[in-house]
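Step one of this worksheet: look at the structure below.
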Amino acid sequence: MTDTETGRSIRLFWGLLGVLTVVRLVLAASVPLTPDEAYYWVWSRNLQSGYLDHPFMVALWIRAGTWIAGNTPLGVRLLGPLSVLPGSWALYHAARRLLPAHPWPQSGFKAALVLNATLMLGLGSATMTPDTPLLFFITLFLYTLSRAIDPDQTSREALPWWIGTGVLLGLAFDSKYTAVLIGVGLGGAVLTTSRLRRQPGPWLAIPALFASMSPVILWNAHHHWASFVRQGGRAGDWHPARAVQFIGELLGGQIGLATPFIFVLFAAGLWGCLKRNRLLAWLALVPMIVFITHAFGDRVQPNWPAVIYPVLALAALEAGWRIRWPVITGLILTFIVCIQAVFSPLHLIPHRDPVLRLTGGWAEFSRQLALQAKAEGATALAAEDYGLAARLAFTQDILPVLGTDPRWHLFRLPAETSAKAVKIEEQRHGSQPDKAGTLCRQVRGQAIRCYTMSSPDFVSGVQLPGRS
C-alpha cells in the first residue's frame with residue numbers, strides 16, 4: 001500500500017468512525033434509560049469505590065457525563081460513544097505487534113472495523129452499563145500489552161509498558177469483574193512463553209494491577225466482601241441437565257451480538273490463533289472456557305462475553321478471510337436496530353419489542369403515578385425493586401422515592417423512617433389495567449407493564465436522589 005493509499009484509508013477509516021459516533025450519540029440521546037441504567041445513575045449521585053453489583057467505574061463515567069450534559073439520557077451515556085474513538089485508535093495500533101504476520105496498518109483498520117461492526121459495541125457504546133468502560137479499558141490494555149511484548153526492545157524498555165498494562169487491566173477490573181479472566185489468560189501466556197517469563201516486566205505488572213484494583217478490594221473489605229460474595233456465588237450452581245439449553249442460549253446470544261457473519265469470523269479466527277498466535281488464544285480461551293463451564297450450572301447473560309470482543313476482533317484476522325461482507329452486514333444490522341430503537345417503524349406489539357418493554361412510557365407513567373399518590377395524601381413513593389425505584393427517581397420530581405431493598409443501605413444515602421408512602425410493585429403475572437390500585441405503563445395506548453399501588457402508609461427506606 002502506497003503512502004497515498006494509506007492516507008486515503010486513514011481518512012476513510014476515521015470518517016466512518018466519526019459518522020458512527022454521531023449515530024451513537026443520537027441513539028444515546030433519543031432512547032429513554034433502562035432500569036439498570038437508572039440504577040447506575042443513582043450510583044453516580046453517591047460515588048463510592050464499590051457497589052453491591054459491580055465496581056465503581058460506570059458510576060464515575062455517568063457522573064462525568066452528567067456534569068457535561070446534565071441529568072438526561074445523553075448525559076448518562078455521553079462517554080460511551082466518545083470512548084469508542086480512542087478505543088478504536090488503541091486497537092488499530094495494537095494490531096501492529098499482536099498480529100505480526102499481517103501487514104500493518106491494514107490489520108489495524110480491519111480489527112477496529114470488525115469490532116465496530118458488532119452489535120455488542122454498536123449498541124453497547126450507546127448505552128451505559130459496566131461493559132461500556134470495560135471494553136474501553138480492554139482495548140487500551142491490548143495496546144500497552146502489544147508494546148510490552150515487542151521483541152525489538154530490551155526488558156528495561158518494555159518495563160513501563162508492562163506496568164501500564166497492569167494498571168489498565170486493573171481499571172478494566174474496576175469496571176467489571178470479568179476483566180480478571182483476561183488477567184488469568186495473560187498469566188497463562190506469560191508462564192508458557194519463556195521469553196516473557198524471564199522478563200521482570202510481567203512480574204512488576206502484578207503490583208501495578210493490584211494497586212489499581214485496590215479501591216474495589218478495600219470497599220469489599222469494609223462491607224463484608226458483599227460484592228465479591230454476590231458475584232462469586234454465581235459459580236456455585238450445577239445443573240448439567242439444563243446445559244444444552246444454557247449453552248444454546250449463550251451461542252444464540254453471541255451470534256446476535258456479534259452479528260452472524262462476524263460470529264463465524266470470530267470462530268475461524270480463534271481456530272487460527274490456536275495454531276499461530278498463542279497470546280491471543282490464551283486471552284480469548286480462558287474467558288470462553290469459564291463461560292461455557294458456567295453454562296453447565298446457570299444461564300450466561302449475553303453481555304458477559306463482551307470482555308473478549310476486542311481480543312476476538314484481533315483474532316478474526318488470523319482466519320485469513322476477507323472482512324468486507326461481515327463488516328458491511330454487521331453495520332447494516334446495527335443500523336436497522338438503531339432505527340427501530342429510535343423510531344419503531346415496524347410497529348411491533350409493544351410488550352414484545354425489547355426496547356419498548358424496558359424503556360417505553362416511563363415519563364408519563366411515573367408522572368401519573370406520582371400525581372395520583374400525592375392526591376391520596378402520600379408524601380413519597382416506595383419500591384423494593386431496585387430498577388423500578390431508580391427509574392421512578394430519574395423520571396419524576398413530584399415526590400421523593402424510597403428504596404426498600406436492603407442493598408440501598410450500602411450507600412451513603414439518607415434513611416427515611418416516617419414517610420407516608422405508596423408502595424409500588426410490578427405485576428409479575430399478566431396485566432390487569434382495570435383493576436383497582438393498578439396503573440399501567442403504556443406505549444401507543446397498549447399496556448406494557450402494570451404495577452400495583454398500595455394505600456398510603458408509613459414506610460421506612462432509603463431516599464434516592466432526584467434529577468434536580
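Keep in mind that what you see is a predicted model, and the values were worked out from it rather than measured.
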Any donor-acceptor pair under 3.5 Å linking the side-chain atoms of N303 with those of T129?
no
Checking L371 against Q396 for the side-chain contact (heavy atoms from CB on, under 4.5 Å) test, could you report, in this order, the C-alpha distance in whole Å, the side-chain angles of both residues, the deciding distance, and whether it holds?
CA-CA 10 Å; L371 290 174; Q396 60 82 41; over 6 Å; no
Would you confirm whether N220, through its side chain, and S227, through its main-chain N or O, come within 3.5 Å as a donor-acceptor pair?
yes
So, do T139 and L115 sit near enough that their side-chain heavy atoms are less than 4.5 Å apart?
yes
Mind checking whether L399 and L392 have side chains closer than 4.5 Å, heavy atoms only?
no
Could you measure the distance from the CD1 atom of I308 to the CG atom of L314? Nearest 0.5 Å is fine.
12.5 Å
Could you give the distance from CZ (F394) to OG1 (T72), rounded to the nearest 0.5 Å?
6.5 Å
Between F136 and S83, what is the shortest heavy-atom contact and its length?
CD1-O, 3.4 Å
Using the ring-ring contact (aromatic ring centres under 6.0 Å, His included) rule, pick out the option among Y39, Y51, Y386 that qualifies with W408.
Y39
Would you please indicate if the ring centroids of Y309 and F266 are separated by under 6.0 Å?
yes
Between F365 and R449, is there a side-chain heavy-atom distance shorter than 4.5 Å?
no
Using side-chain contact (heavy atoms from CB on, under 4.5 Å), reason through L140 and T144 one step at a time and then give a plain yes or no.
CA-CA 6 Å; L140 296 189; T144 56; 5.8 Å; no
Examine distances only and state if a side-chain atom of T66 and a backbone atom of G75 form a donor-acceptor pair shorter than 3.5 Å.
no
Any salt bridge between K423 and D457, counting N to O under 4.0 Å?
no
Give the C-alpha distance, both sets of side-chain angles, the deciding distance and a yes or no for side-chain contact (heavy atoms from CB on, under 4.5 Å) between L33 and R77.
CA-CA 9 Å; L33 298 188; R77 297 163 172 158; 3.8 Å; yes
Measure the shortest side-chain to side-chain distance between W43 and I62 over non-hydrogen atoms and say whether it is less than 4.5 angstrom.
no
Got more than 12 heavy atoms from elsewhere within 6.0 Å of NE2, H409?
yes
What orientation do F228 and Y177 show, parallel under 30°, tilted 30 to 60°, or perpendicular over 60°?
perpendicular
For F263, enumerate each residue passing the ring-ring contact (aromatic ring centres under 6.0 Å, His included) test, keeping only those at least two apart in sequence or located in another chain.
none
What are the two closest non-hydrogen atoms of G361 and V443, and how far apart are they?
N-CG2, 3.8 Å
Euclidean distance, W14 CH2 relative to L85 CG, rounded to 0.5 Å
6.5 Å
Is it the case that atom OH in Y451 sees more than 12 heavy atoms from other parts of the structure closer than 6.0 Å?
yes
Under 3.5 Å, side chain of T452 to main-chain N/O of E425, donor-acceptor pair present?
yes
So L464 and R45, do their side chains get closer than 4.5 Å, heavy atoms only?
no
Look at the side chain of R441 and the backbone N and O of G360, then say whether any donor-acceptor pair between them is shorter than 3.5 Å.
yes
Keeping H222 on the side-chain end and L218 on the backbone end, is there a donor-acceptor pair under 3.5 Å?
yes
Taking every heavy atom of A313 against every heavy atom of A111, the minimum-distance pair comes out as CB-O, 3.5 Å
R63 side chain to S44 main-chain N or O, any donor-acceptor pair under 3.5 Å?
yes
For A380 versus L402, what's the shortest heavy-atom pair and its separation?
CB-CG, 4.3 Å
Between the side chains of Q372 and Q368, is a donor N or O closer than 3.5 angstrom to an acceptor N or O?
no
Check whether any side-chain heavy atom of L123 lies under 4.5 Å from a side-chain heavy atom of C338, and answer yes or no.
yes
Just so I know, are the side chains of T118 and T259 near enough to count as touching, which here means a heavy-atom distance under 4.5 Å?
no
Separation between OG of S212 and CZ of F173, rounded to the nearest 0.5 Å
9.5 Å
Which residue is it: V311, L142, I138? I am looking for the one with a side chain to side chain contact (heavy atoms under 4.5 Å, CB included) to L91.
L142
Derivation of the side-chain contact (heavy atoms from CB on, under 4.5 Å) call for D385 and E426
CA-CA 8 Å; D385 179 82; E426 182 180 337; 5.8 Å; no
List the atom of S175, the atom of P55, and the distance in Å for their closest heavy-atom pair.
O-CD, 3.7 Å
Is the backbone of M128 close enough, under 3.5 Å, to the side chain of E37 for a donor and an acceptor to pair up by distance?
yes
So do V307 and K176 actually touch side chain to side chain, heavy atoms under 4.5 Å?
no
With a 6.0 Å cut-off (strictly less than), is the heavy-atom count around CH2 of W67, excluding the residue itself, greater than 12?
no
Among L25, L27, T127, L74, which residue satisfies the side chain to side chain contact (heavy atoms under 4.5 Å, CB included) criterion with P81?
L25
Proximity of Y143 and W89 rings by center, below 6.0 Å:
yes
Between A370 and I398, what is the shortest heavy-atom contact and its length?
CB-CB, 3.7 Å
Test item: T359 side-chain N/O and P32 main-chain N/O as donor-acceptor pair under 3.5 Å
no
OG1 on T395 to CD on E364, rounded to 0.5 Å:
11.0 Å
Determine yes or no for a side-chain-to-main-chain donor-acceptor pair under 3.5 angstrom, with Q254 supplying the side chain and P302 the backbone.
yes
